[in-house]
There are 2 protein chains.
Amino acid sequence: MARTDDPSDRRAPTIKDVALLAEVGIKTVSRVLNDEPGVRPETRDRILKAVESLGYRRNEIASSIRRRDRRTASIGLIVEDLANPFASSVTRAIQDFAAARSHLVLVGSSDGDPARERTLVQEFGSRLVDGLIIVPSGADQSYLDYERAHGVPVVFVDRPGKRFKADTVVSENAGGTAEAVRHLAARGHERIAFLGDRQSVYTAAQRLAGFKSAMEALHGTADKRYIRTGLRDSRQAHDAAVEVFGLDPAPTALVCGNNLATIGAVHALQELGIRDRVACIAFDDIELADLLRPALTVIAQDTAALGAGAARLLFDRLDEPGAPFRRTTVPVRLVPRESGEIPASA
Amino acid sequence: MARTDDPSDRRAPTIKDVALLAEVGIKTVSRVLNDEPGVRPETRDRILKAVESLGYRRNEIASSIRRRDRRTASIGLIVEDLANPFASSVTRAIQDFAAARSHLVLVGSSDGDPARERTLVQEFGSRLVDGLIIVPSGADQSYLDYERAHGVPVVFVDRPGKRFKADTVVSENAGGTAEAVRHLAARGHERIAFLGDRQSVYTAAQRLAGFKSAMEALHGTADKRYIRTGLRDSRQAHDAAVEVFGLDPAPTALVCGNNLATIGAVHALQELGIRDRVACIAFDDIELADLLRPALTVIAQDTAALGAGAARLLFDRLDEPGAPFRRTTVPVRLVPRESGEIPASA
DNA sequence: TTGTACGCGTTATCAT
DNA sequence: ATGATAACGCGTACAA
């Protein structure tokens, strides 16, 4: 028999309930639900009426375990910290792309912890996501072999994974800092400082590389005393900035490798009373950057393109599992406001 | 028979494969996987070894459709726009709470569109989420009756839903603006302006209400000419600010009801050359608020408590479906920096 | 045009 | 202590 007649039954109606009410077989109901041909219009009407009156909704989960493609129309996304504006913007873009393909997005934050990343991958995997988009942490993503072996494609975003080849989308980090250097050089700056994170962080290394190569192209060399890396938080960035701008001769301009560096550096410049004299270009746009005085000139990442690009690569691979891996580089954009336009006067 | 022996079989190993390899029945495997008693240690070992060697992972989806509680250990979250820092902070807090209970989070953005909200609810529902957390949009959440009837609890966050009673977590909006007024009054301000969004937006209405009641408590009345609402974007806020500060006598202080108002207002004050003279307190903290000059005094929402509170209400209801509905109000915090400390000199 | 039987991977029932 | 078998809700093969 079907189910209890108890009206307080909390369970949602099933295809069986619909079939019973419409007095047809479940397969006929299934046909109607899936727009398959071969159902008489009147039968069809009767079934749709039953669907309506019962408030029937397809159980997508049960459906997916039985369907040939076994797709759940959901993808998993792992970022470092969703509370970070960069991560949430990328996530939003992925959401939109996924929604356009009627897919839902499971989101998790790894906090840069490789173990947490693995745990999330497993949890996503056991919930049968169709694919994964990951901002990878740590030195080894080879554990993803398991997912790939079972048909779950992976796309890396923001930085490449290690020991695991996969489709990847990254920003044009080196190009961004190089452009910043040229932008400053065009305004007469020669002594340009750089504040950045640990070089083990992919983006930090790329940004420094771009900085160095542009400096070398311009002046033949980049003064090492003006370059400070390994800065883990804004406090360290602040202290490094104070030191660098205490040098003689002091730099006349500054490139900040990330947000934390920017916060520390701006505070330092403020304290030193040189915020209006030292040119400054920061990687990553911030909210209300143009409310600052001077308004902050930034190298903005195209988070929308980053997210959409990652989603595109993932869906492309779902469509064509055998295609060669692709790596997309998303241009960054230097947004001139005021701080980067300060000339090297003194 | 079990399955093809083709090693290129993309399908993940099942409990059946494990049983076959360990030479036991599937129920015994299930017992081991679920830590049920009544399995000889040596049998157990054999099974665990088979699990290991096959790389077996439980299919949580298949598991949930059969289990008595039918829980999928996933919840659905609908925010207005995940790219918004407020939304992403709340989301992060919910994620963490859910993770601590081994639940995954499906996230969607409604963009404030009621139809989109409904669509997302349906998609989440047909994927059998255990519960929903929603930042509601529009004038009618009664459609959620269906979810509740089928055992899916709902929690509203940031603002209450309409025509549908449910657990709710909101910020102490009115208290925040009231405190801002008192903060300004303590510095000698009497003519205080207010810039806010449409009054149909719950938080906007609450914030204005708090502003008015505090003004009336202080001066017996709130001058209507200094109050501008219905501001939909920073452009409108800018124009309203220019008008209000063109009045004679002009206000000496300003309370901004939201981020958009803040952006427009600060730009306006800047243009009018009174940014250093007019006191300003803004609702919602912003990144790098203390890099502004003057550093922005804000009424900060406790997004972590908002998210955690919503998640807590949801899990509590999952544990105890019959309990009376609760409404939690999360305190806001006035963060004094510089802009709110400017005295009413001139 | 329609329905029956089976299978997906798991847990639940009940026997052994 | 263990396992055969039903059941979950659905799609699929095939028979009617």
Side-chain angles (χ1 to χ4, degrees), chain A residues 1-4 9-20 22-47 50-51 54 56-73 125-128 150-151, chain B residues 1-4 9-47 50-51 54-73 125-128 150-151:
Chain A
M1 66 164 249
R3 286 226 314 273
T4 167
D9 191 346
R10 265 180 153 37
R11 275 158 45 209
T14 74
I15 198 173
K16 225 182 260 175
D17 300 315
V18 176
L20 226 57
E23 299 177 298
V24 296
I26 54 168
K27 177 57 200 177
T28 308
V29 177
S30 176
R31 280 200 188 88
V32 171
L33 295 176
N34 294 304
D35 279 321
E36 290 170 33
V39 181
R40 243 187 312 159
E42 51 200 46
T43 313
R44 186 187 155 81
D45 280 355
R46 198 146 33 88
I47 289 171
V51 164
L54 288 174
Y56 169 81
R57 244 164 31 184
R58 190 216 306 279
N59 180 331
E60 292 293 346
I61 275 183
S63 167
S64 77
I65 79 169
R66 192 58 194 108
R67 228 169 325 147
R68 184 180 301 292
D69 60 14
R70 302 173 74 84
R71 293 271 174 88
T72 56
S126 61
R127 238 145 271 180
L128 308 189
H150 295 95
Chain B
M1 65 165 247
R3 288 225 315 269
T4 167
D9 191 347
R10 260 169 159 45
R11 283 179 11 225
T14 74
I15 200 172
K16 230 181 255 177
D17 299 316
V18 176
L20 227 56
L21 182 60
E23 297 176 300
V24 295
I26 55 169
K27 177 60 200 178
T28 307
V29 178
S30 178
R31 279 199 188 88
V32 171
L33 295 175
N34 294 304
D35 278 320
E36 290 170 34
V39 181
R40 246 187 309 159
E42 51 200 47
T43 313
R44 187 187 153 81
D45 280 355
R46 200 147 32 90
I47 289 171
V51 164
L54 288 174
Y56 168 81
R57 244 166 29 184
R58 176 207 261 118
N59 180 333
E60 293 292 347
I61 275 183
S63 167
S64 76
I65 80 167
R66 185 58 195 134
R67 226 171 343 180
R68 187 178 302 293
D69 63 12
R70 305 189 134 235
R71 292 271 174 87
T72 55
S126 61
R127 238 145 277 185
L128 308 188
H150 294 92

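Excluded from the calculations below are hydrogen atoms, water molecules and symmetry mates; all remaining heavy atoms, backbone and side chain alike, are included. The chains referred to below are lettered A, B, ... by the order of the sequence lines, with proteins before strands, and numbering in each begins at 1. Computed from a predicted structure; not experimentally measured.
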Quiz prompt | Nucleotide D/dG9, atom C1' - distance to CG of A/N59 in whole Å | solution = 6 Å

Practice problem: Would you mind telling me which of C/dG3, D/dT2, C/dG9 lies closest to the side-chain atoms of A/V24? | Solution: C/dG3

Quiz item: Nearest-Å distance, CG (B/L128) to P (C/dT10)?
Solution: 17 Å

Quiz prompt | Donor-acceptor contact below 3.5 Å, side chain A/R70 vs main chain A/I65 | solution = yes

Quiz item: Are B/V29 and B/V32 side-chain neighbours, meaning at least one heavy-atom pair lies under 4.5 Å?
Solution: no

Exercise. Using a 4.0 Å heavy-atom cut-off, write out nucleotides 11-16 of chain D from 5' to 3' as B (base contacted by protein), S (sugar-phosphate only) or - (no contact).
Key: BBB---

Quiz item: What integer distance in Å separates A/I47:CD1 from C/dT2:P?
Solution: 8 Å

Exercise. Compare all side-chain heavy atoms of A/R58 with those of A/N34 and state whether any distance is below 4.5 angstrom.
Key: yes

Self-check item: Spacing of A/L20 atom CG relative to C/dT4 atom C1', expressed in whole Å
Solution: 15 Å

Quiz item: How close or far is atom P of C/dT10 from atom CZ of B/R70, stated in whole angstroms?
Solution: 16 Å

Quiz prompt | Rounded distance (Å) that lies between atom C1' of C/dT10 and atom CG of B/D17 | solution = 13 Å

Practice problem: Provide, to the nearest angstrom, the distance between the CZ atom belonging to B/R11 and the P atom belonging to C/dG7. | Solution: 12 Å

Quiz item: CD1/B/I26 to CD1/B/I47 distance, rounded to the nearest 0.5 angstrom?
Solution: 11.5 Å

Quiz item: Roughly how bent is the helix from C/dT1-D/dA16 to C/dT16-D/dA1 end to end, in steps of 10 degrees, with each end axis from five pairs?
Solution: 40°

Self-check item: Evaluation steps, side-chain contact (heavy atoms from CB on, under 4.5 Å), between B/T72 and B/E60
Solution: CA-CA 7 Å; B/T72 55; B/E60 293 292 347; over 6 Å; no

Quiz item: Between the side chain of A/R31 and the main-chain N/O of A/E36, is any donor-acceptor distance below 3.5 Å?
Solution: no

Practice problem: Grab the NZ-P distance between B/K16 and D/dA4 for me, whole Å please. | Solution: 12 Å

Quiz item: Below 4.5 Å, heavy atoms only, C-beta onward: do A/H150 and B/R57 meet side chain to side chain?
Solution: no

